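Read the structure below first, then the notes.
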There are 2 protein chains.
Amino acid sequence: MNTRLIRKLENFDRLSDEEKQFLEGAVVRARVVSKGEDIIREGDRPTESTVLLEGFAARYSLLRNGKRQITGLHVPGDFVDLHSFLVKKMDHAVLAITPCSVGFVPHETLREISENHPHLTRLLGVNIAVDAAIHRQWIVAMGRRSALEHAAHLLCEMFLRLRAVGLTEDDSFKLPLTQAELGDALGLSTVHVNRVVQDLRKERLITWRGETLVIDDWERLQELAEFDPTFLSFEVEPR
Amino acid sequence: MNTRLIRKLENFDRLSDEEKQFLEGAVVRARVVSKGEDIIREGDRPTESTVLLEGFAARYSLLRNGKRQITGLHVPGDFVDLHSFLVKKMDHAVLAITPCSVGFVPHETLREISENHPHLTRLLGVNIAVDAAIHRQWIVAMGRRSALEHAAHLLCEMFLRLRAVGLTEDDSFKLPLTQAELGDALGLSTVHVNRVVQDLRKERLITWRGETLVIDDWERLQELAEFDPTFLSFEVEPR
DNA sequence: CGCGGACTTGATAAGTTTCAAGGCAGGTGG
DNA sequence: CCACCTGCCTTGAAACTTATCAAGTCCGCG
């Protein structure tokens, strides 16, 4: 069921059959969340952590003036609130951008992992560490890259993350985001996102029609974004 | 020696005497790093994690065009690379903004903690989770707040973080940053930082002379920044 | 067929950067 | 002890990037 999660963790380090089985059993049930619905709300105090099994989700915060900032995009295999095991109260919400299927891992199970499965614990830690690295890349992109470079960077990131869980096909993948949502992730207005996307198209870097994004020139896209894949890097202390 | 670290972790949950002692022993030696020097360089593969004992440090990334983005500020008690235990290769560097004294915790010790000290492991996890929450706040601020609000937000954050480790005095604290460095943290040009700081002064929100920053009106500063301290919140699942 | 959501376009405004200078203060060497 | 130097802060003007406002257009779906 949570194939993507296992696949993702296997990018970090080999999993024993026993560990895989344990992970399978760790997800207690699944729920479908419809598009536009919150998977978790700000202020919630979950007693289980949520794994995204299918669909796209986004962490976001809302400001008083109605502006929204997306602070992370999530794809199948991602824990959307692994940290809620450690920090009780959600400091942000998570939204289903497409219809999503999610699974739940009771905090009790996570506690058991942290007490009796040091290797799995470390892998979950790597998961968190990679999330943090992604956050830092977003900060760099927001602070010091142009809108165009920033957008290119995000596309590079999504491509590699989706590939890591087997959700790309050659150079294309499903990117079921509206330009408005992309703007909320990049910190740009919808209008400007539109112009930036058109620039990427004019430069023959991407094709994006409907939900399908094709990377037409991976080299130049990376170059433009000054994208260094190391931060996602699945290069870890082996057990 | 690593009083600040212990103090910081105690904000998360009570530490037993045994745990405190263990932490004391975990820091193997200290080194002084002079101002402007890197504590850790990008690409390093440390075999120990570094705790900041005294001074201010900043994580940063450099872009080809020479621009620099600071992705996190660190104060005494902070681990600057706790994650290097899990993800071998540093994806960014850490700079001593002031003369710093740092201590080292061998990864071997961290591994032992992760295997035999579940409670300490969780506290270190909380540490990481709070860092991530700070990162998300930075993303929100960079994406959707004005330069003025963003600056105010950062000052609120620094005040509470320093207070948590006992480094404030009433409403004032040492902020040994140049405006250029602040700009690199906020993603703004030096000139604009200067104007923003002047606005904060004109509004009688802060006084900042030399290294001393006084918060003249905490209420209004928080209000302006739309600052919600929860994310730093030291509200955690007790052992 | 018509409606709504998403995308596109143009014009104008706002926010921020860049460039260029000047000022101030603390520290050093003559 | 003064002069100078250097790093940091400050100011103004002009340029650039991005946001906002206001219309359209396109397209899939009921």
Side-chain angles (χ1 to χ4, degrees), chain A residues 34-37 56 58 63 65-70 95-99 141-154 174-202 206-213 224, chain B residues 34-37 56 58 63 65-70 95-99 141-154 174-202 206-213 224:
Chain A
S34 45
K35 175 175 166 161
E37 205 184 318
F56 269 66
L63 300 187
N65 59 15
K67 288 185 177 171
R68 178 172 78 166
Q69 178 65 45
I70 289 176
L95 167 79
I97 288 198
T98 65
M142 304 193 93
R144 294 300 189 209
R145 294 192 212 276
S146 68
L148 187 70
E149 293 161 352
H150 186 180
H153 200 276
L154 183 59
K174 293 272 170 239
L175 187 70
L177 289 179
T178 64
Q179 293 185 356
E181 285 162 341
L182 187 54
D184 284 341
L186 298 171
L188 298 172
S189 69
T190 308
V191 172
H192 201 60
V193 168
N194 183 275
R195 307 203 220 256
V196 162
V197 168
Q198 288 181 56
D199 287 346
L200 290 172
R201 292 202 261 243
K202 251 178 246 144
I206 64 165
T207 305
W208 186 12
R209 272 196 62 73
E211 302 197 338
T212 303
L213 195 144
L224 167 64
Chain B
S34 46
K35 175 175 166 161
E37 205 184 320
F56 270 66
L63 300 187
N65 59 16
K67 287 185 176 170
R68 179 172 76 168
Q69 178 65 45
I70 289 176
L95 168 79
I97 288 198
T98 65
M142 305 193 94
R144 294 302 190 207
R145 293 192 213 277
S146 69
L148 187 70
E149 293 161 354
H150 186 180
H153 200 276
L154 182 60
K174 293 274 170 238
L175 188 70
L177 289 179
T178 65
Q179 293 186 355
E181 285 160 342
L182 187 54
D184 284 340
L186 297 172
L188 298 172
S189 68
T190 309
V191 172
H192 201 57
V193 167
N194 183 274
R195 306 201 222 259
V196 161
V197 168
Q198 288 180 57
D199 286 347
L200 289 172
R201 292 202 260 243
K202 250 179 245 143
I206 64 166
T207 305
W208 186 12
R209 272 198 61 72
E211 303 198 337
T212 303
L213 195 143
L224 168 63

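What you see below is based on every heavy atom in this structure, not just the backbone, and it leaves out hydrogens, waters and symmetry mates. Everything quoted here is computed from the prediction, not taken from an experiment.
Contact check, B/Q179 against D/dT10: a side-chain N or O comes under 4.0 Å of OP1 or OP2. Listed pair B/K67 / C/dT18 meets the phosphate criterion, a side-chain N or O lying under 4.0 Å from OP1 or OP2. Side-chain nitrogen and oxygen atoms of B/N194 include none within less than 4.0 Å of the OP1 or OP2 phosphate oxygen of D/dC9. The side chain of A/Q198 contributes an N or O atom lying less than 4.0 Å from OP1 or OP2 of C/dT9.
Residue-level contact check: A/R144 touches neither bases nor backbone, having no heavy atom under 4.0 Å from any strand. Using a 4.0 Å heavy-atom distance criterion, A/G187 is classed as a sugar-phosphate-only contact.
Under a 3.5 Å cut-off, the side chain of A/R195 and the backbone N or O of A/T190 do not form any donor-acceptor pair. Remark: the backbone N or O of B/D184 is paired with a side-chain donor or acceptor of B/Q69 at under 3.5 angstrom. A/R144 places a side-chain N or O within donor-acceptor distance of the main-chain N or O of B/L188, the cut-off being under 3.5 Å.
Each of D/dT18, D/dT11, C/dC7 was ranked by its minimum atom distance to the side chain of B/V191; first place goes to D/dT11. If you check C/dT17, D/dT10, D/dA19 against the side chain of A/L188, the one that comes closest is D/dA19. Closest to the side chain of B/S189, from the set C/dT17, D/dT18, D/dA19, is C/dT17.
The distance between atom CZ of B/R145 and atom P of D/dT18, rounded to the nearest whole Å, is 21 Å. Distance B/H192 NE2 to C/dG15 C1': 6 Å, rounded to the nearest Å.
Within 3.5 Å, a donor on the side chain of A/R195 pairs with an acceptor on the base of C/dG10, or the reverse.
Comparing A/G143 and A/R201, the nucleotide of DNA chain C nearest to each residue sits closer to the 5' end for A/R201.
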